[in-house]
2 protein chains.
Amino acid sequence: MATVTIRDVAKRAGVGIATVSRVLNESPLVSDETRHRVLAAIAELDYSPSAVARRLSRGKSMAVAVIAPFFTRRSYVERLQGIENVLSTSGYDLILYNVETVARRDECLRAVPRGERLDGLLILSLTPDDDEVRQFAALGVPAVLIDAYHPALPTVQIDDVAGTRTAVQYLIDLGHRRIAYIGETLDQNPLKFQPINDRYQGYRAALDEAGIPFCPEYHRQGKYGWREARHMTHELLDLPEPPTAVFAYSDTMAFGVLEAAQQRGLDVPGQLSVIGFDDVEIAQYFRLTTVRQPLHESGARGAELLLECMDSDDGVASPAVGPRHIVQPTELVIRSTTANVATIDLNAEVAY
Amino acid sequence: MATVTIRDVAKRAGVGIATVSRVLNESPLVSDETRHRVLAAIAELDYSPSAVARRLSRGKSMAVAVIAPFFTRRSYVERLQGIENVLSTSGYDLILYNVETVARRDECLRAVPRGERLDGLLILSLTPDDDEVRQFAALGVPAVLIDAYHPALPTVQIDDVAGTRTAVQYLIDLGHRRIAYIGETLDQNPLKFQPINDRYQGYRAALDEAGIPFCPEYHRQGKYGWREARHMTHELLDLPEPPTAVFAYSDTMAFGVLEAAQQRGLDVPGQLSVIGFDDVEIAQYFRLTTVRQPLHESGARGAELLLECMDSDDGVASPAVGPRHIVQPTELVIRSTTANVATIDLNAEVAY
DNA sequence: TGCCCAATTGGAACCGGTTCCATGCTGCCT
DNA sequence: AGGCAGCATGGAACCGGTTCCAATTGGGCA
């Protein structure tokens with residue numbers, strides 16, 4: 001119970017505290033004989049050094065904070081896994097901060113890096129403003145952004161515009177002209193997720209390039225979640241001229257689209273094509289055509305980048321080259337929820 | 001950049017460091033006038049106290065470690081969310097340790113509580129042995145178990161045996177006699193998850209009670225995951241006398257059962273009844289009949305219990321009453337994957 | 001044999017807070 | 001007017017490590 005300290009060990013081994021410290025830190029400046037005596041004393045006393053004290057005197061805390069919005073969403077869980085995998089082999093602890101509101105976002109971005117309790121910051125999908133970035137620098141805390149961008153910070157991203165454009169382009173190539181977009185609310189995007197804008201832009205761009213006029217009715221936005229997506233899909237299908245294809249902002253929302261189609265006895269992909277985004281693990285189950293982004297790897301790369309920054313003590317990786325901006329590739333994974341537009345799609349026989 | 005310390009603030013405000021500390025800790029022993037001067041100095045210098053130093057001198061680290069196996073599985077994510085919700089309002093940091101191997105399990109359970117970097121331990125699904133529990137006590141680190149049991153520690157659990165028995169009982173009541181069990185491997189259960197044994201026992205118990213002989217062929221075990229479950233289901237359906245109902249160890253595995261059925265054009269629940277376990281969020285999507293356990297709440301309750309333990313400085317909640325063992329209720333949620341056993345089930349027409 | 005250098009080692013300062021204890025001061029009571 | 005209580009405050013020790021620096025010792029070389 002009474003905590004045994006380095007001084008107890010020193011006394012027991014009949015050496016000075018500095019020597020014990022050397023043994024603990026595997027300094028070569030200790031004779032074998034002394035080392036063994038110290039190790040014996042450590043074993044006998046069942047001593048383990050206080051990480052806190054070590055942190056204070058070393059000025060390093062051996063911990064990394066991960067700030068993630070809605071970490072329960074599948075895409076974040078997979079990224080988190082990538083981060084954890086890298087961190088767990090590096091000796092750094094992973095401190096998790098979940099963000100679901102703007103207030104909490106501000107609190108995390110401002111308060112968390114203070115107090116020198118962490119050596120690095122990994123931020124998912126949230127974009128710090130210039131003030132906050134300045135503060136990171138002032139505090140000497142290296143930060144890496146995943147799925148977000150800031151010119152002064154290393155980032156790991158994908159090209160959401162291009163990924164979406166490719167997907168919608170594919171639908172167009174299949175002959176679709178009435179293509180809907182179901183996404184998270186664009187207008188009120190309190191946490192300012194960049195993909196919300198970018199994917200919508202990619203959709204518009206693909207339409208433009210093909211000379212297909214944008215139809216506001218086909219653009220639906222609502223809360224994240226399959227239930228909401230299902231609801232929006234029903235609205236879409238109630239239109240006098242319903243779409244023949246739907247691009248969904250995320251796989252999760254695509255599942256809602258699939259369910260709505262099923263509820264109406266619409267054949268997918270015969271009567272409705274559906275594309276998602278992310279390629280989360282269960283997308284394969286649904287045979288969902290989707291835009292794959294390397295979720296797990298984005299987390300891993302981000303964590304690696306951060307480790308680099310923390311090693312180079314200037315706090316910025318790749319000296320004098322400025323922060324690295326990594327753009328990972330996306331890939332259209334074609335499964336079974338997309339097909340050529342039906343030539344005759346009016347005699348939709350209701351199965352149930 | 002140069003870190004500003006409490007001494008800088010003291011100098012700036014023209015007071016002693018003790019006074020600054022008092023202001024920081026909202027001690028009433030400071031005059032209003034002095035307090036304001038100090039606060040002004042803090043603001044001017046943009047000072048923020050070092051959490052590490054505070055931890056060292058106070059002996060509290062304001063952090064809780066959460067040790068979770070396979071934290072990416074949906075059931076753990078939901079529990080984690082419950083934990084996070086409670087912890088984030090309490091001022092404690094959440095340090096996440098993911099466990100996927102026995103080696104890592106041992107490392108986490110032994111090394112993590114050392115080093116006084118945390119005030120409490122929340123362990124999911126892993127059962128520490130007596131030595132480890134003794135060490136927690138010796139180190140003065142309160143620990144709470146979620147989805148696991150140890151007599152000396154507070155625990156939050158469900159009754160897996162009863163939950164499963166109720167589910168299988170329900171299948172029996174529907175007239176099923178050929179009831180299969182698809183689960184995680186019983187024999188090699190390296191992390192010793194208790195539900196793996198308990199749910200199987202519940203299955204056997206329900207069979208016994210109804211006087212239905214256990215058929216080893218109907219008991220399939222394999223790795224966790226819907227792909228593996230799908231495979232096992234196909235084996236089951238290839239039997240000369242295939243089961244008419246399947247109890248799956250988890251919802252995720254139940255999804256694999258559903259897929260196998262779909263691949264064969266078997267109508268669920270017309271020709272095959274399926275029950276899962278957990279009631280993860282997406283189970284509703286599949287209209288899966290399942291045994292609901294309060295995942296989110298189990299995390300929240302566990303975290304609350306831990307906070308109680310940490311407050312009462314003897315490290316054990318509810319003084320002199322011994323550790324609390326909370327058993328949360330399970331509930332059979334009947335949706336659309338279960339039905340009366342088909343009276344004629346041989347002319348299964350293959351749809352595709 | 002004497003000297004210098006390298007290898008070991010111990011002491012003490014330091015990291016940045018908290019807190020015990022002593023001190024100065026004011027004000028009230030007798 | 002003297003004394004004491006009590007508030008407000010500053011100094012210094014302390015938490016448990018790391019690390020600089022000085023000291024001791026032994027061996028090699030001139």
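Order of the sequence lines sets the chain letters (A, B, ...), proteins ahead of strands, with each chain counted from 1. Heavy atoms only: backbone and side chains are in, while hydrogens, waters and symmetry mates are out.
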Report task. Check every atom of dT18(C), dG10(C), dG17(D) against the side chain of Arg58(B) and return the nucleotide holding the closest atom. Result ->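 Comparing dT18(C), dG10(C), dG17(D) against the side chain of Arg58(B), the answer is dT18(C).
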Measure the distance from [atom1] on [X] to [atom2] on [N] and round it to the nearest whole Å.
| X | N | atom1 | atom2 | value |
| --- | --- | --- | --- | --- |
| Met62(B) | dT18(C) | CE | C1' | 15 Å |
| Ile6(B) | dC15(D) | CD1 | C1' | 15 Å |
| Ile17(A) | dC20(D) | CD1 | C1' | 13 Å |
| Leu56(B) | dC15(C) | CG | P | 14 Å |
| Ile42(B) | dG17(C) | CD1 | C1' | 13 Å |
| Arg117(B) | dG17(D) | CZ | P | 13 Å |
| Lys60(A) | dC14(C) | NZ | P | 24 Å |
| Asp8(B) | dG17(C) | CG | C1' | 13 Å |

When you check the gap from the basic side-chain N to the acidic O, do Glu308(A) and Arg324(A) get nearer than 4.0 Å?
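Looking at Glu308(A) and Arg324(A), the cut-off is met.
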Donor on one side chain, acceptor on other, [X] and [Y], under 3.5 Å:
| X | Y | result |
| --- | --- | --- |
| Arg58(A) | Asn25(A) | yes |
| Ser27(A) | Arg22(A) | no |
| His150(A) | Asp129(A) | no |

Can you say whether a donor on the side chain of Arg54(B) sits under 3.5 Å from an acceptor on the base of dG16(C), or the other way round?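 Per atom types, no contact qualifies.
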Scan Arg35(A), His36(A), Arg37(A) and name whichever one has a side-chain hydrogen bond (donor to acceptor under 3.5 Å, both in side chains) with Glu33(A).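 When side-chain hydrogen bond (donor to acceptor under 3.5 Å, both in side chains) is applied between Glu33(A) and each of Arg35(A), His36(A), Arg37(A), only Arg37(A) qualifies.
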Has Asn98(B) got a side-chain atom pairing as donor or acceptor with Phe71(B)'s backbone, closer than 3.5 angstrom?
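Flag set: sc Asn98(B) to bb Phe71(B) pair under 3.5 Å.
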task = Select from Glu116(B) and Ala18(B) the residue whose nearest nucleotide in DNA chain D is closer to the 5' end of that strand.
result =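 On the 5' side of the pair lies Ala18(B).
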Within residues 19-37 of chain A: residues closer than 4.0 Å to DNA chain D (heavy atoms) |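 Those residues are Ser21(A), Arg22(A), Asn25(A).
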Q. Got a sec: does the NZ of Lys60(B) have more than 12 other heavy atoms crowding it under 6.0 Å?
A.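 Buried by this count: over 12 neighbours within 6.0 Å.
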Practice problem: Using a 4.0 Å heavy-atom cut-off across all strands, classify Gly115(A) as base, sugar-phosphate, or nothing. | Solution: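 No contact.
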